[in-house]
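Treat the numbers as computed from the prediction; the structure is a model and nothing was measured.
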Amino acid sequence: MTHLDLTKDERAFLVHVASDPHSVKSRLGFYASVMAPLLGFCAYGFVKRDFIAEFIAFAGLFLFMAWRISQEFRRLAVYKSLLCKIAAHEKLARDA
């Protein structure tokens with residue numbers, strides 16, 4: 001079997017993903033704790049026809065999603081390089 005020649009960042013990412021201590025419940029709890037107040041505020045704004053409340057809720061949701069997407073973009077290069085190496089490794093293993 002061939003060696004993948006992983007970089008330091010790729011190895012660190014794999015160790016982080018493999019040893020992630022967060023359960024699905026804790027992740028759902030985190031997202032619910034952020035999203036529920038914003039969605040509640042949006043519902044309040046909708047019922048009371050308060051467009052400022054709706055705008056604030058929308059802006060909060062937008063900022064939260066922008067933050068999460070920015071976190072993923074920081075790791076995009078590592079994702080791509082790691083997946084390319086794994087794909088090449090699998091192709092070599094299949095062809096052998």
Side-chain angles (χ1 to χ4, degrees):
M1 186 149 302
T2 62
H3 187 48
L4 287 175
D5 296 321
L6 299 178
T7 65
K8 179 182 169 187
D9 289 336
E10 292 166 343
R11 275 190 240 103
F13 176 74
L14 285 177
V15 167
H16 172 72
V17 170
S19 65
D20 188 10
H22 302 293
S23 67
V24 172
K25 280 184 177 180
S26 70
R27 288 185 188 278
L28 288 175
F30 167 72
Y31 286 109
S33 70
V34 172
M35 302 293 277
L38 292 171
L39 291 173
F41 201 55
C42 184
Y44 167 82
F46 181 75
V47 169
K48 296 290 187 175
R49 297 189 190 276
D50 184 354
F51 296 114
I52 293 174
E54 288 182 37
F55 175 77
I56 291 171
F58 177 76
L61 290 171
F62 179 79
L63 290 173
F64 179 73
M65 292 304 298
W67 171 71
R68 287 301 305 142
I69 290 169
S70 73
Q71 296 298 309
E72 294 302 317
F73 273 117
R74 287 183 186 170
R75 298 183 189 132
L76 185 60
V78 176
Y79 283 140
K80 281 183 163 182
S81 66
L82 184 59
L83 292 175
C84 286
K85 287 179 182 181
I86 292 171
H89 176 76
E90 287 296 312
K91 187 176 185 301
L92 284 176
R94 229 183 5 255
D95 293 343

Note to self: Any non-hydrogen side-chain atom of Asp9 less than 4.5 Å from a side-chain atom of Phe13?
What the structure shows: no

Checklist line | Path from Tyr79 to Leu6 over hydrophobic side-chain contacts below 4.5 Å | finding: yes

Margin query: To the nearest 0.5 Å, what is the distance between OG1 on Thr7 and NZ on Lys85?
Written below: 5.0 Å

Notebook entry, point to check: For Ala53 and Tyr44, which heavy atoms make the closest approach, and how far apart are they?
Noted result: CB-CD2, 4.3 Å

Check: Mind checking what makes side chain to side chain donor-acceptor pair (under 3.5 Å) contact with Gln71, not counting sequence neighbours?
Finding: none

Note to self: According to a hydrophobic-cluster definition based on side-chain heavy atoms being under 4.5 Å apart (Ile, Leu, Val, Met, Phe, Trp, Tyr only), do Leu14 and Leu83 belong together?
What the structure shows: no

Check: For Leu39, what are the other residues in its hydrophobic cluster, where any two members join if their side-chain heavy atoms are less than 4.5 angstrom apart?
Finding: Phe30, Tyr31, Val34, Met35, Leu38, Leu61, Phe64, Met65, Trp67

Check: CG/Leu63 to CZ/Phe58 distance, rounded to the nearest 0.5 angstrom?
Finding: 9.5 Å

Notebook entry, point to check: Who pairs with Glu54 by salt bridge (Lys or Arg N to Asp or Glu O under 4.0 Å), at least two apart in sequence or on another chain?
Noted result: none

Notebook entry, point to check: CG of Leu82 to CZ of Arg75: how many Å apart, nearest 0.5 Å?
Noted result: 13.0 Å

Checklist line | Rounded distance [0.5 Å steps], CZ in Phe41 versus CZ in Phe46 | finding: 15.5 Å

Note to self: Could you check whether atom CD1 of Ile52 has more than 12 heavy atoms from other residues, nucleotides or ligands sitting under 6.0 Å from it?
What the structure shows: no

